[in-house]
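Here is the structure we will look at, set down as structure tokens.
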Amino acid sequence: MSAISCRGVSKSFGGAAVLDGLDLEVPEGAVVTVLGQSGSGKTTLLRLIAGFERPGQGTIEIAGEVVDSPRRYVPPERRRVGYVTQEGNLFPHLDVAKNVAFGMPRAQRSSARVQELLELVGLGDLGKRYPHQLSGGQQQRVALARALAHQPRVVLLDEPFSSLDAGLRAALRYDVARILRARRATTVLVTHDQEEALSVADLVGIISEGRIRQFATPESLYSQPVDLTVAQFLGEANIVAGTADGSTVETVLGRLELAGTSRPLKGPSRALVRPEQLSLLAAGNGQGPAGAPRGRVTHREFYGHDCALVVDLDGASQQVRVRCPGQPPVEVGETVAVVARGPVLAWPA
Amino acid sequence: MATTATTGAARPLAALARRHRPPWLLATTSGLVVAFTLSPLGLVIAQAAQAGWGQVWPVIDRGFVATLLWNSLRLALVVTAFCAVIGTGAAWLTERTALPGRRAWAVALLVPIVLPDFVLAWTWSSVFPAVHGYLGAVLVMTLHLYPLVYLPMAGAFRAADPGQEEAARSLGLSKWQAWLRVSVRQARPTLLGGCLLVSLALLGYYGGFEDLRYQTFTTAIFGELQTQFAPAVASSLSLVLVAVSALVLFGEAAFRERGRSQRTGPGAQRAQRLLPLGKARGPALAGAGAVVLAALGFPVATLAYWMVAGGSAGLPAAVPLASAALYSALYSALGAAVATALALPVALLATRHPKRWSVALERSTFVAQAVPGVVVALALVYLASHYLSFAYQSPELLVAAYAAMFFPLGLVALRPSVARASVRLEEVGRSLGCGPLAVRLRVTLPLLAPGLAAAFCFVFLSAATELTATLLLVPTGVQTLATQFWAYAEQGASFGAAAPYGAIMVLMSAVPAYLLARWYDRGQARAALVGGAG
Amino acid sequence: MLAPVVVAAAALSGCGAGGTRGQAPITLYNGQHPQLTQALVKAFEAQTGIPVKVRSDDGIVLADEILQEGPRSPADAYLTENSPELMLLSQHHLLARLPASVMGQVPRRYSSPTANWVGVALRVDALAYNPSRVARRSLPAHLLQLGQPAWRGKVAIAPTDSDFVPLVGAVIARYGQATARRWLEGLKANAALYPDDESVVAAVNRGTEAVGLVNQYYWYRLRLDLGPAATHSRLWYFPGRDIGGIENISGAAVLASSHHRAEAQRFVAFLVSAAAQHILAASDDFEYPARPGVAPNPALPPLAALRPAVLSVVRLGDDLPAASLLQQVGLT
């Protein structure tokens, strides 16, 4: 049984479809992220699950109970859903402890229980503070503690880290994932940040055009995207045109082996070459392997553990991005030979 | 209008909110409320139309009206300018400089707001008969109205980012240049908003000008009522008054700069560093002291003096003091409750469903601010005597007048709280297991409470000291503190008899003023006042 | 949420008026001084048990309200300081006829010729002057002289006071529209304007103004308030029955639309009774009782000694021509 089950969910605002027949099954205890661009309907999906909006069509179940269908609607307060928004939305008139205790049954609003939750999120000594006296990261931790306090069946996180700065974001992300896993809380986190989506999740859903385009583990999503859209979503991607013959594809980067899932593909195609599948060799003065395409380095970015280089290929209006471990092997302006390693994924053009 | 204090709501959420159609009940209620607050304007026009152009035009087209126009304009210009200078200077002294005892000064400079214009004018002219005419009116009205600039400007200076002045200093500006060109310039919308309030209030006053023997539209309207047997004539004069007020309102809107966003980032603001006054300390103290003395010390002392020594204190009272106080409190409280209740749906609609039409609806209520009390009263008398005879001379009508006149004040005070009590918080509350009613009680109400209280206090304070509309609408057999004070003050020498009514009125409005000052001090009013009282 | 609030207000305002249980109160529109009226009302309530709700304002404002209200007027009785308002309401058939028993209490020339209202008290227009500003021998013999350039900057008037309009009406009645207009225009150029007669007499007393057109009783009330030592002004009655010395007749009427006509009539009858007239004479109001045989406040000179102008209430008429002239001249 899925903890959350969405089937054929559609929602439109003022005639514009935001969700269009969306299906999603979230297994019990899983941490699921839904990745999509702004306006792709991520937030709407969460709001439908929480019960703040009604879908136009479709059915939503939580823990096997139908909470929304054309015939049935369970209001938010009876869904036992924990909801954390981007801004935290702490109650400004209540202190931290009272915020956390808000959803607890009256009998349970004991300080011990609240204290336990605050310590869980690492804010054991801030119970008497008011929200405006907290930093952004602290506010999100309180919001999480508050969401967990009424023992929700599922926890929904709507871009919970996006208003924080980068360093804080990584630390909080780690903490939140740890806490949610420790409690085996079924979680849906929506984000537009692929790093966030991939690093936290057991399963990732890619949302686009009102549907889940692919729903899989982060690893298989990365290595086996169902289409170019998904491929471009996750990680960096070079898309090159080519002609396939069933087992290989001929491109400006040379003849590349097709990955198993892409076989047998024939005719005009578009191939996905990840930057780390490319390497560079200095090719000034006619050096370098014969037959490998050549180009000029136009840009470089150094990240410490590795570096990225952008190469304009000679004789083609194609630019490729290349990842190299360690120090950049070449300077901007140098001529290089680009060597590609298969197998690659490709789809009909 | 006050900008919504969104805490950086995500774009998709704002988009969602915009795509939502507002509940029809809220939209309809707000529409009716706005129609109600604007109705006096329509009624006055209808009344003039009924009387006929032939009867109205000769009243408007004569030298006397030109005199009134000239009187109103020259007074409005000069008093507004003085108020701008005194209000801004005082705000700067109490907020940005190391003025000795500046917290106490901040209160003392604000308190004169509770003294009604006709009490202040009466105390001055009863002691110094030379205080009359144009110069007298400039003096008294400046002393009475500068807090309307002081209050918002103090908020603006307090909220201003000291970093900007520092940046200006680093670009080579002197202390004074930096203050003028950065802080004052940035606060210009606030200053303009304050000046607008001063001009509009000035145009609507009656009692003070009568005391000072300065002819304005309002005194002329009352003059017409007292000598002519044609209320339509008085109403047609009030049309000119409305036109002048509308001109001021639109003038301010045209003058106002478009961009006014200042604060960025949710981070705690750096504390302001107080400027040492140095040699200017003596003059600064003397200046602040003179203003407080003239606007507060003198009138209060005069009231006290007449209460103790007034020769005619033995005059039999037509209405006992307690009864007048009771009715003042009752009508003001009802007016405040109704105005606050009316402001709530409009604030909710404009905050939670910010569409072009809902914002326009909210803004249009500020036109009501330009409709003077005498016009509202005349319109309601006309309405009741012609169409709602059951409400004629009823307390309900007076309460309705207060609500219509002071509704914009309630709205301004309520707006920040409504923005705080966002739909998102209600949703979070519901996802935590609270039903719709429980959420309203545990989340929405506590968040709205400070705003509701502030709106109530604001309106109560204004209604308790209102004279013009009260004179025309007070029910048969009833006197309020204001009307009874006025009845005695009008009787030439009855100083001792009038003083207790004035004193109780001031005391009664001091309570909400104190509450407001505390609310303001906690920073809740800042958004409302800095955002623009326009 | 509005309804209960309004109900509360109505309930509270209801219990504020009148005191006696059982008897429906009558509503009096009162243009007389509230203190005097209150003393009279109290005595009436004690005598009859009929409670009276009082609405006080300028006589003209109240007459105007009655005109607007027409047959729906909440007023049962009307008491005012000057006859023109009463004449106007009478012309509009808004006043009920009073029985001869009431009309007979005061001389006929103080009352409505059609028995629609009855005179209650009298005052005389006069000139307050400050001897330090103007010598007694320089005071004008005629009201019209105050419009001449010699008086520029020395006169105080209160053109919006209910008492000024009848004075203008009297000038029109005696000398015609054109003369009255010239006089008013001259007066406008000469005079400082005050909101009411109380302020005029106070300004003269201070010496701010040399002379002021008022009603004689304002000066007496000022003297009572300030005491003789602080009274630096005097009163000048225009001699030779000049129009400046016109009598102002305060009168009372019962509204034709009244639903409590009998009670209202009792009230009006009470006003001209010996009891009420003695209250009036004993009060600090300094009006002359209309009822023969009741001596005025001892501070006042006998009315006959003042030799007031003679102008019948009919010739004085209503206030309309005067109000219109005031407006044309730009004094209101």
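These values consider heavy atoms only, across backbone and side chains, with no hydrogens, waters or symmetry-generated copies. Nothing here was measured: the structure is a model prediction, and the numbers come from that model. Proteins get letters first, then strands, A, B, ... in listed order; numbering begins at 1 in each.
Residue C:Arg55 comes nearest to B:Pro475 through the heavy atom pair NH1-C, 3.7 Å, listed as atom of the first residue, atom of the second, then distance. Taking each heavy atom of C:Gly330 and B:Phe64 in turn, the nearest pair found is O-CD1, 3.1 Å. The two residues B:Leu225 and C:Ile60 have their closest heavy-atom pair at O-CG2, 4.1 Å. Taking all atoms of both residues into account, the shortest heavy-atom contact from B:Gln228 to C:Ser324 is OE1-N, 4.1 Å. A pairwise comparison of heavy atoms in C:Asp58 and B:Gln226 identifies OD2-CG, 3.2 Å as the closest pair. When all heavy atoms of B:Thr227 and C:Pro159 are compared, the pair lying nearest together is CG2-O, 3.5 Å.
Counting non-hydrogen atoms of other residues, nucleotides and ligands closer than 6.0 Å to CZ of C:Arg133 gives a total above 12.
Residue C:Tyr218: no heavy atom, backbone or side chain, is found under 4.5 Å from chain B. At a 4.5 Å heavy-atom cutoff, the contact between B:Val474 and chain C is made by backbone atoms alone. Only the side chain of B:Tyr392 comes within contact range of chain C, judged by heavy atoms closer than 4.5 Å. Contact of B:His132 with chain C is not made at all, since no heavy-atom distance falls under 4.5 Å. For a residue to count as touching a neighbouring chain, one of its non-hydrogen atoms must lie under 4.5 Å from one of that chain's; by this rule C:Val165 touches chain B with the side chain only. Neither the backbone nor the side chain of B:Leu397 comes within contact range of chain C; no heavy atoms are under 4.5 Å apart. Contacts of C:Thr27 with chain B are made by side-chain atoms alone, with heavy-atom separations under 4.5 Å and no backbone atom involved. Contacts of C:Gln327 with chain B are made by both backbone and side-chain atoms, with heavy-atom separations under 4.5 Å.
For the atom pair B:Gln393 CD and C:Ser73 OG, the distance stands at 7.5 Å (nearest 0.5 Å). Of the inter-residue distances, the one linking B:Ser385 atom OG with C:Arg72 atom CZ reads 7.0 Å to the nearest 0.5 angstrom. A distance of 10.0 Å separates CG of C:Asp57 from OG1 of B:Thr483, quoted to the nearest 0.5 Å. Atom CZ in B:Arg213 sits 7.0 Å away from atom OG1 in C:Thr208 (nearest 0.5 Å). Distance check, rounded to the nearest 0.5 Å: CD of C:Glu198 to OH of B:Tyr488 gives 13.0 Å.
Remark: B:Arg62 pairs with B:Glu224 by the salt bridge (Lys or Arg N to Asp or Glu O under 4.0 Å) rule, at least two apart or across chains. When the salt bridge (Lys or Arg N to Asp or Glu O under 4.0 Å) test is applied to C:Asp64, no partner is found at least two apart in sequence or on another chain.
Of the listed residues (C:Leu67, C:Leu326, C:Leu88), the one with the most heavy-atom contacts under 4.5 Å to chain B is C:Leu88. Interface summary for chain B: among C:Leu193, C:Asp197, C:Leu224, the most heavy-atom pairs under 4.5 angstrom belong to C:Leu193. Put simply, of C:Pro74, C:Ala322, C:Ala230, the one with the most heavy-atom pairs under 4.5 Å next to chain B is C:Pro74.
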